[in-house]
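A single structure is presented below for examination.
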Amino acid sequence: MKIKATTADAYKLFHNGTLALARAERQGIRIDTEYCERKKQHLTRKINKYQKELQGTKFYRRWEHIYGRKANIYSNHQLSRLLYHIMKIEPPKVTESGKGSTDEDALGQIDIPELKIILKIRKLAKIRDTYLDAFIREQTDGYLHPSFELHNVRTYRSSSSNPNFQNIPKRDKESMQICRRALLPRPGHMLVEMDFSALEVHIGACYHKDPVMLKYLKDKESDMHADMAKQIFMLEALDRSDPIQNKLRSAAKNGFVFPQFYGDYYGNNAASLCEWVGLPHSKWVPGMGIQLSDGYYISDHLRNNGIKSFQKFVEYMKEVEDDFWSNRFHVYNNWRDKWVEQYRRDGYLKMLTGFTCAGVARKNEIINYPIQGTAFHCLLLTFIELDKAMRKEKWDSKLVGQIHDDALLDVRPDELEHIKGTINRIVKEELPKKWDWIIVPLDIDLEVYGVDKPWVA
DNA sequence: GGAACTCGCCAC
DNA sequence: AAACGTGGCGAGTTCC
């Protein structure tokens, strides 16, 4: 008989989780403080160089003319006034409070070369002030001890602070290398990162049990993102080994599938997809966007299929969205409706792990909360069990951090094989045994970094 | 001089 | 009819 998880089960998970996370906090992660100091100075010199370059321009002299000695290139308030009030430029986008935005996207759409310098300065200052500075400030005796909290997040995920271990740059190569170069294993050890692949998609399937999604997750040959790329870009086939075709797959994944799961809609999707493939929000002519093959561009291809403008593409994406939820994933879609209906009736929702979310929430929030929380709980239980095995068997290896669906270990090389086996046992056997609602195989990836090498691939 | 706010930007 | 979920944090600004 199936027994549903209770609040007491949820409590126990967080009680044990708190203890395991506290032990990881106490272990800490080794940090190269001298490197941080050196790199900080290096970044400061680069920033000063860009600042000098900016200050020599007409644009900045205008800025100084308005603000005098108070002119500050880090003031977005001043920049916004200068661009949108003094220079009368039409704001490409506005902020939450309705003022002209000065974020990267907005500045990128304004044809003033000086703004490029500001963006470069912003990026370097972000690395220096948010990461390297914090690493130096927060370290004691060459170790960082980030906090991991379980009481801050509405979805019953974790948060991290002092410093935040969960937002160290990864996607931008330069930022990633500069920041992660600072984080090291203990002497003679290596960093090992384990992460669940597509965990939220898998956990979502445990809630809605859509047969089409279950097939995608169980059948290694099938590929949801490739299928969506084929549909969106009207392709007969998709070869992931071709870089351009793989880019189309990434566009479908990040510009349509994931945003749809979070509750986005075709209008934003169409804009995002165009961004991915380099097409403008206007009429399309031959030779626009990314090149599919010699002399054949994405705009040629879509025009040949009857989509000759952004406007038309938006209409087409409406059809794709409709097909996505009404046909392809209609069981998933019915679950969403029923789930929201039930919340509106009860005033709360209950997760598969026993946690309760109550209070006023919008539709998208209600759909996302259980999936986001439950996915993290899979990582947390894995973390707890690993910590338990580690202490019982007196490993020299240590758990040092966690990022929602990902854990970082500081491993003594001769223990690696045993640790791999332990992780696999926990994820493949113990998790599904404890939680019988896990109806899809959970997969984990292991990334092993070099002995004495930093957290840089 | 600190609290509370906005904005921008990093992660999943 | 509306239209992307969860955080932390630094700098600048405003208010007391």
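Every chain is numbered from 1 and lettered A, B, ... according to where its sequence line falls, protein lines coming before strand lines.
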- [ ] Name the nucleic acid region contacted by A:Y369, choosing base, sugar-phosphate or nothing; use a 4.0 angstrom heavy-atom cut-off, strictly under.
- [x] sugar-phosphate

Task: Test item: side-chain donor near acceptor, A:E149 and A:S160, under 3.5 Å - done: no

TODO: Would you indicate, yes or no, if B:dC7 has its OP1 or OP2 atom less than 4.0 angstrom from a side-chain nitrogen or oxygen of A:S97?
DONE: yes

Open item on the list: Under 4.0 Å, heavy atoms only, any strand: does A:D264 hit a base, just the sugar-phosphate, or nothing?
Closed with: base

TODO: Remember a base hit wins even if backbone is also touched, and classify A:Q260 as base, sugar-phosphate or nothing at under 4.0 Å, heavy atoms.
DONE: nothing

Task: Straight-line distance of A:R180 CZ to A:Y131 OH, nearest 0.5 Å - done: 9.5 Å

Open item on the list: Categorize A:Q372 for me: base, sugar-phosphate, or nothing, with a 4.0 angstrom heavy-atom threshold over every strand shown.
Closed with: base

Open item on the list: Mind checking if A:G267 touches a base, just sugar-phosphate, or nothing, with heavy atoms under 4.0 Å?
Closed with: nothing

Task: Aromatic ring proximity, centroids under 6.0 angstrom, A:F324 and A:F329 - done: yes

Task: salt bridge (Lys or Arg N to Asp or Glu O under 4.0 Å) partners of A:D105, counting only residues at least two apart - done: A:K93

TODO: Have a look at A:S160 and say if it touches a base, only the backbone sugar-phosphate, or nothing, with a 4.0 Å heavy-atom cut-off.
DONE: sugar-phosphate

- [ ] Verify whether one side chain among A:Q402 and A:Q166 offers a donor that lies under 3.5 Å from an acceptor in the other.
- [x] yes

Open item on the list: Measure NZ/A:K99 against P/B:dC5 and give the value in whole Å, please.
Closed with: 14 Å

Task: Any residue of residues 17-38 of chain A with a heavy atom less than 4.0 Å from an atom of DNA chain B - done: none

TODO: Verify the distance criterion only: is there a donor paired with an acceptor across the side chains of A:Y216 and A:D227 at less than 3.5 Å?
DONE: yes

Open item on the list: Quiz question: by atom type and distance under 3.5 Å, do the side chains of A:Q372 and A:E200 form a donor-acceptor pair?
Closed with: no

- [ ] Ignoring backbone atoms, test whether A:R157 places a side-chain nitrogen or oxygen under 4.0 Å from the OP1 or OP2 oxygen of C:dT6.
- [x] no

Taking only N/O atoms, report every protein-nucleotides 13-16 of chain C pair under 3.5 Å with atom names and distance.
from	atom 1	to	atom 2	distance (Å)
C:dT13	OP1	A:S75	OG	2.7

Task: Listed partners of A:H377 passing ring-ring contact (aromatic ring centres under 6.0 Å, His included), at least two apart - done: A:F14, A:F355

Task: Within residues 162-174 of chain A: residues closer than 4.0 Å to DNA chain B (heavy atoms) - done: A:Q166, A:N167, A:I168, A:P169, A:K170, A:R171

TODO: Scan residues 115-139 of chain A against DNA chain B and write down, sorted by residue number, each residue with any heavy atom closer than 4.0 Å; if none is found, say none.
DONE: A:R122, A:K126, A:Y131

- [ ] Evaluate the side chain to side chain donor-acceptor pair (under 3.5 Å) criterion for residues A:K170 and A:S175: first the C-alpha distance (whole Å), next the side-chain angles of each, then the deciding distance (0.1 Å), finally the verdict.
- [x] CA-CA 7 Å; A:K170 184 170 194 173; A:S175 305; over 6 Å; no

